[in-house]
Structures are given as C-alpha cells and as structure tokens.
Protein chains: 2
Amino acid sequence: MLSFVEENYLKAIYHLSLNGKQEVSTNALAEEMRTTPASVSDMIKKLSQKSVVSYKKYQGVNISEDGRRLALHVIRKHRLWEVFLVEKLNFTWDQVHEVAEQLEHIKSPLLIQRLDEFLGHPKYDPHGDPIPDEHGNLIEKHRQPLDALSIGDQGVMTAVDDSSSSFLKYLDKMEIGIGSNIKVIDFIEFDGSMDIKVDDDKTLTVSSTVAQNILVAID
Amino acid sequence: MLSFVEENYLKAIYHLSLNGKQEVSTNALAEEMRTTPASVSDMIKKLSQKSVVSYKKYQGVNISEDGRRLALHVIRKHRLWEVFLVEKLNFTWDQVHEVAEQLEHIKSPLLIQRLDEFLGHPKYDPHGDPIPDEHGNLIEKHRQPLDALSIGDQGVMTAVDDSSSSFLKYLDKMEIGIGSNIKVIDFIEFDGSMDIKVDDDKTLTVSSTVAQNILVAID
DNA sequence: ATTAATATTTAGTTTAGTCTAAAAAAAATA
DNA sequence: TATTTTTTTTAGACTAAACTAAATATTAAT
Ligand SMILES: [Mn+2]
Ligand SMILES: [Mn+2]
Ligand SMILES: [Mn+2]
Ligand SMILES: [Mn+2]
C-alpha cells in the first residue's frame with residue numbers, strides 16, 4: 001500500500017517518463033514535485049524497495065509495470081473526480097484540479113466503480129485527457145499542439161496541455177474550448193503568434209505560448 | 001489549519017463530551033482513538049496550542065467554541081458524503097462509514113456547498129444522524145433507545161446508535177430500518193430482550209443489545 | 001492519614017517526509 | 001586528458017505522530 005505522498009511521486013514519475021522518455025532524472029523529479037533533489041533521492045530508494053520503480057545510483061529512475069499500473073489507477077481516479085465535479089456539481093474546468101488532487105487518494109474500489117457507472121463511463125476528463133479504464137488501458141485521442149499547424153490547416157480542439165486556472169479562464173474569455181473548430185489563418189514569424197478562426201466565426205490572435213497549449217486533432 | 005489526524009482527535013473529543021459530559025479524560029480519548037494515553041497527552045497539548053481545546057494538566061480536556069465549530073464542520077462533511085454514497089452511488093448504509101472517514105477530510109468549501117445543493121440540503125444521514133448546517137447548527141430529532149420503552153409503547157425508528165456493518169446488516173435481514181414503526185409487545189426480565197411488532201406486521205424478538213442501539217421517537 | 005491503585009505525563013525512540021550543507025560521481029569543457 | 005561545472009547522493013537535523021517504559025499526580029481504599 002502506497003502513502004499519498006508516494007502516490008504523488010509515482011504520478012510525477014509516470015508523467016515525466018512519457019514526455020522525456022524512459023529514465024527520469026532526480027533533478028527533473030525534484031522540480032516537478034517542488035522539493036529538493038535530496039528528498040527525491042531518499043524517496044526513490046523507498047519506491048524502489050516497493051518495486052514500483054527500478055533504480056541504479058546516478059542512473060535516474062524507471063517506472064515498473066506495477067508502478068505504471070498504480071500511477072494509472074491514481075490518474076483514473078483524478079480524472080473521474082474531475083468529470084464528477086464538472087458534470088454533477090457545476091464546477092468550471094479551472095476549478096477542478098486542486099480538489100481532484102485530494103480526491104484521487106481516497107481508497108475504495110467500490111467508490112470508483114460506482115462513480116464511473118454514475119458518470120456513464122466517461123472516456124475523457126474536462127481537459128480532454130483520456131481516463132484509463134480499470135486495467136490501465138487508455139485511448140489517447142490524436143492530439144497535436146496548435147503551433148505545429150501551418151497556415152490553412154484546421155482541426156478540432158481535443159485537449160489542453162496546461163490545466164492552470166489562468167490559462168483555462170483565458171480560453172473561456174476567448175470562447176475557445178474542447179470541441180472548438182480552429183483554423184490557422186496566419187502565422188507571424190516574428191514571435192510565433194497566430195491568427196486563428198474559431199468555429200468559422202470569430203478571428204483572433206493567440207500568442208505562441210497559447211498555441212503550444214491548445215491541442216487539436218486533424219482529421 | 002488542522003491536519004487530518006488533529007481533525008480526528010477533535011471529532012472524538014466532541015463525541016465524548018456529548019455522552020460523558022464536559023471534560024474528556026486522556027484514557028477515554030486514547031481508547032476512542034485506539035492509541036496510547038501518552039500519544040493523547042502529546043496531542044492535546046498541540047490542540048490546546050491551537051486553542052481548539054482547553055486543557056489543564058491532569059484535569060482532562062474541554063473542547064472550545066472554535067473546536068466545536070471545526071468538529072461539527074468535519075461531521076457535516078462526513079454525513080453529507082454518506083448521503084451521497086447511499087443516494088447517488090447506491091451504497092448500502094453499512095458500506096458508507098469507512099469511505100466517509102476518508103472523504104470528510106477533503107478541504108474545499110465550494111465542494112461541500114455544491115454537494116449539499118446536489119443532495120437537496122439533506123437534514124439527516126443514512127443512520128438517522130442530523131447533518132449540521134454550515135454554521136454548526138443541528139436539529140437533533142427526538143431519539144430514545146428502544147430498551148427504554150415499556151410494554152405497549154410504540155414509536156418510529158429515527159436512528160441507530162451503532163453504525164457497525166454487522167449491526168446494520170442484521171437490521172437489514174430483520175427488515176427494520178429508519179422509519180419503521182416499532183411497538184413493544186413483551187419485555188423479558190431475565191435477559192432484557194424484547195418482543196416487538198414492526199410496521200404492524202411481523203413480530204420478532206431482539207436482544208437487549210440490539211434494543212439499546214435502535215433509537216426511536218415517541219410522539 | 002497513609003497506603004495502594006489508577007490515571008496521566010514525561011523521557012526517550014521510531015518512522016515518514018522534509019530540509020541544508022557537504023561529499024562524490026558524471027558530464028561538459030578546455 | 002585534465003579541469004570545471006552540474007547532478008546526485010550522503011550526512012545530519014527537524015517536525016508530526018506514534019510507541020514503550022518510567023516518573024509523577026490523583027483517586028480510592030484501608
Ligand atoms: Mn487535473
Ligand atoms: Mn484533467
Ligand atoms: Mn459514519
Ligand atoms: Mn452516519
């Protein structure tokens with residue numbers, strides 16, 4: 001049985017080993033966890049002891065199959081709770097993450113099974129992230145950062161890469177959300193900003209940073 | 001801000017100061033918390049520091065007004081979650097307590113406000129216990145242990161005094177629950193057991209222990 | 001009012017998780 | 001290759017919450 005601190009480390013290791021590939025460095029993990037490399041060194045020894053990661057000194061850490069399963073279980077709970085908060089309790093998508101960080105650590109298989117049923121077995125959370133099933137399988141929808149598209153390309157927004165409240169509120173104000181149709185009208189070399197047309201309606205300019213964090217599917 | 005361990009101590013102190021009146025002894029608290037008197041001694045110093053209890057050495061501990069408010073807030077959350085689990089997730093009344101023990105420590109004012117709305121501002125939990133409002137006010141329904149009634153008396157079951165799974169499952173099997181009409185047919189001096197008629201229908205015998213834990217309202 | 005029994009507190013450890021400072025290894029650079 | 005820089009680990013301390021054993025205070029009993 002993992003403590004909730006251990007669960008959080010494992011989640012971070014899982015996320016980092018997706019982006020950065022395989023081994024996760026002590027420093028990267030320390031940054032992600034907002035703690036010190038010394039603390040991380042201690043913790044990965046514990047996690048290694050529990051065989052949820054494998055670890056050789058100075059070689060970074062690799063998540064194990066067991067670890068991956070556990071991480072995905074916590075992520076499943078996190079995302080199901082986010083759906084619950086939005087669908088049933090009328091939270092906005094920028095209000096759910098903090099609360100889900102707490103709820104994801106509740107231990108009760110029955111609770112999650114019933115919550116999943118209650119929500120109608122949702123496949124995606126409010127930010128467009130896929131919800132792993134009880135076996136850890138997830139259907140990753142095609143997703144590409146908006147700033148990778150060229151002028152004339154268009155796609156449907158499927159997710160955000162940044163779930164910070166400030167970014168999500170900005171999108172709300174611009175009336176951009178999951179499902180919006182986005183077409184690239186112009187690309188400004190100078191600063192990487194883009195002119196886009198949303199839902200064949202309004203045209204607006206978004207910064208390079210914004211474009212990087214909007215994920216779209218091109219069909 | 002209290003840790004979840006401190007919240008549990010405070011809840012226990014609150015409960016004990018209702019039954020046993022005012023001061024709570026170190027030993028009673030240790031037993032309730034399933035820990036040692038030494039640990040309790042340490043903890044009540046901490047709670048006293050945070051002014052949620054008042055405490056003079058060897059004199060037991062008294063909950064403060066602040067402490068009472070905090071305890072009732074945790075109890076409010078516990079009971080609202082129990083209602084949610086039964087009403088929305090189809091848990092049985094004997095399955096909810098353990099999970100609610102975890103959920104009651106989630107910190108989010110918005111969550112509780114919305115949950116309360118979602119549930120339609122329930123006044124009682126699945127065990128018949130009153131749910132404090134956001135200010136800590138609660139409407140204690142009239143409740144009296146069944147074994148205090150005399151032959152011929154009757155009342156409506158309003159709550160249980162023991163929320164253990166085994167007791168609740170027994171009641172389910174006997175088809176006795178909150179709202180059942182119970183009439184005392186006979187009282188056996190020898191062991192304190194009772195013959196009762198439930199809902200003017202079936203007659204059955206319950207032990208003294210069972211009778212103590214069924215709470216009824218006489219009108 | 002002493003003495004005995006019980007309740008409570010203190011002292012000293014333990015474990016989980018964190019930190020800073022220092023040592024050691026690995027990687028980068030000259 | 002030798003040196004410098006960066007990364008990682010170790011050492012030593014700290015806090016929260018627990019425990020056992022010992023000391024002390026309170027209460028009960030003679
Ligand atoms: Mn989230
Ligand atoms: Mn999400
Ligand atoms: Mn309960
Ligand atoms: Mn209850």
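Protein chains get the first letters and strands the later ones, always in sequence-line order, with residue 1 at the start of each. Since the model is a prediction, treat every value here as computed from it, not as a measurement. Just the heavy atoms: all of them, side chains too, but no hydrogens, waters or symmetry mates, feed the values below.
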Worked check of ring-ring contact (aromatic ring centres under 6.0 Å, His included) between F4(A) and F4(B): CA-CA 13 Å; F4(A) 91 85; F4(B) 91 86; 8.2 Å; no

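An OP1 or OP2 oxygen of dT10(D) is reached within less than 4.0 angstrom by no side-chain nitrogen or oxygen of Y58(A). Between dA18(D) and T36(B), no contact under 4.0 Å exists linking OP1 or OP2 to a side-chain N or O. The phosphate of dT9(D) has OP1 or OP2 within less than 4.0 Å of a side-chain N or O from Y55(A). An OP1 or OP2 oxygen of dA16(D) is reached within less than 4.0 angstrom by no side-chain nitrogen or oxygen of S3(B). Within the structure, a side-chain polar atom (N or O) of S39(B) is placed less than 4.0 Å from OP1 or OP2 of dC19(D). Side-chain N/O atoms of K57(B) include none lying less than 4.0 angstrom from OP1 or OP2 on dT24(D). For K45(A) and dT10(D), the shortest distance from a side-chain N or O to OP1 or OP2 is below 4.0 Å.
Closest to the side chain of P37(A), from the set dT9(D), dT18(C), dA18(D), is dT9(D). The nucleotide whose nearest atom lies closest to any side-chain atom of A38(B) is, among dT9(D), dT8(C), dT20(D), dT20(D).
Of the charged side-chain nitrogens involved, none lies within less than 4.0 Å of a carboxylate oxygen, so that E82(B) and R79(B) do not count as a salt-bridged pair. A salt bridge links D66(B) with R69(B): at least one charged nitrogen is closer than 4.0 Å to a carboxylate oxygen.
R34(A) places its CZ atom 12 Å from the P atom of dC19(C), with the value rounded to the nearest Å. Rounded to an integer number of Å, the gap from CD of Q59(A) to C1' of dT9(D) is 13 Å. Rounded to whole angstrom, the span from the CD atom of Q49(B) across to the P atom of dT15(D) amounts to 14 Å. Rounded to an integer number of Å, the gap from CG of D42(B) to P of dT9(C) is 10 Å. Here the P atom of nucleotide dT10(D) and the CE atom of M43(A) are 16 Å apart, to the nearest Å. Atom pair M1(B):CE and dA16(D):P shows a separation of 15 Å (rounding to whole Å applied). Atoms CD (E6(B)) and C1' (dA18(D)) sit 14 Å apart, rounded to a whole Å.
When all heavy atoms of H105(B) and Q102(A) are compared, the pair lying nearest together is O-OE1, 4.3 Å. Between W93(A) and H127(A) the shortest heavy-atom distance is O-NE2, 2.9 Å.
Within residues 25-33 of chain B, no residue approaches DNA chain D, by heavy-atom distance under 4.0 Å. The stretch residues 67-75 of chain A has no heavy atom under 4.0 Å from DNA chain D, so no residue of it qualifies as close.
By the side-chain contact (heavy atoms from CB on, under 4.5 Å) test, V86(A) is found to be paired with V96(A), P126(A), residues two or more places apart in sequence or in another chain being considered.
Ranked by how close their nearest DNA chain C nucleotide is to the 5' end, V24(B) and Y9(A) are led by V24(B).
Residue pairs that meet the ring pair (Phe, Tyr, Trp, His ring centres under 6.0 Å) test with at least one member in residues 32-73 of chain B, sequence neighbours left out, do not exist here. Listed by first and then second residue, the salt bridge (charged side-chain N to carboxylate O under 4.0 Å, His left out) pairs involving residues 95-109 of chain B are E7(B)-K107(B), K11(B)-E101(B), K11(B)-E104(B) (not counting sequence neighbours).
As judged by a 4.0 angstrom heavy-atom cut-off over every strand, K56(A) is placed among residues making no nucleic acid contact. Contact annotation for F4(A): no contact, since no heavy-atom pair falls under 4.0 Å across all strands. Counting non-hydrogen atoms under 4.0 angstrom, S41(B) reaches a base of the nucleic acid.
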Can you list, pair by pair, the side-chain donor-acceptor contacts under 3.5 Å of residues 139-151 of chain A, counting residues two or more places apart and other chains?
residue : atom : partner : partner atom : Å
E140(A) : OE2  : R143(A) : NE           : 3.0
R143(A) : NH2  : D129(A) : OD1          : 2.7

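For the residue pair N27(B) / S25(B), no side-chain donor-acceptor distance below 3.5 Å is found, with atom types taken as modelled.
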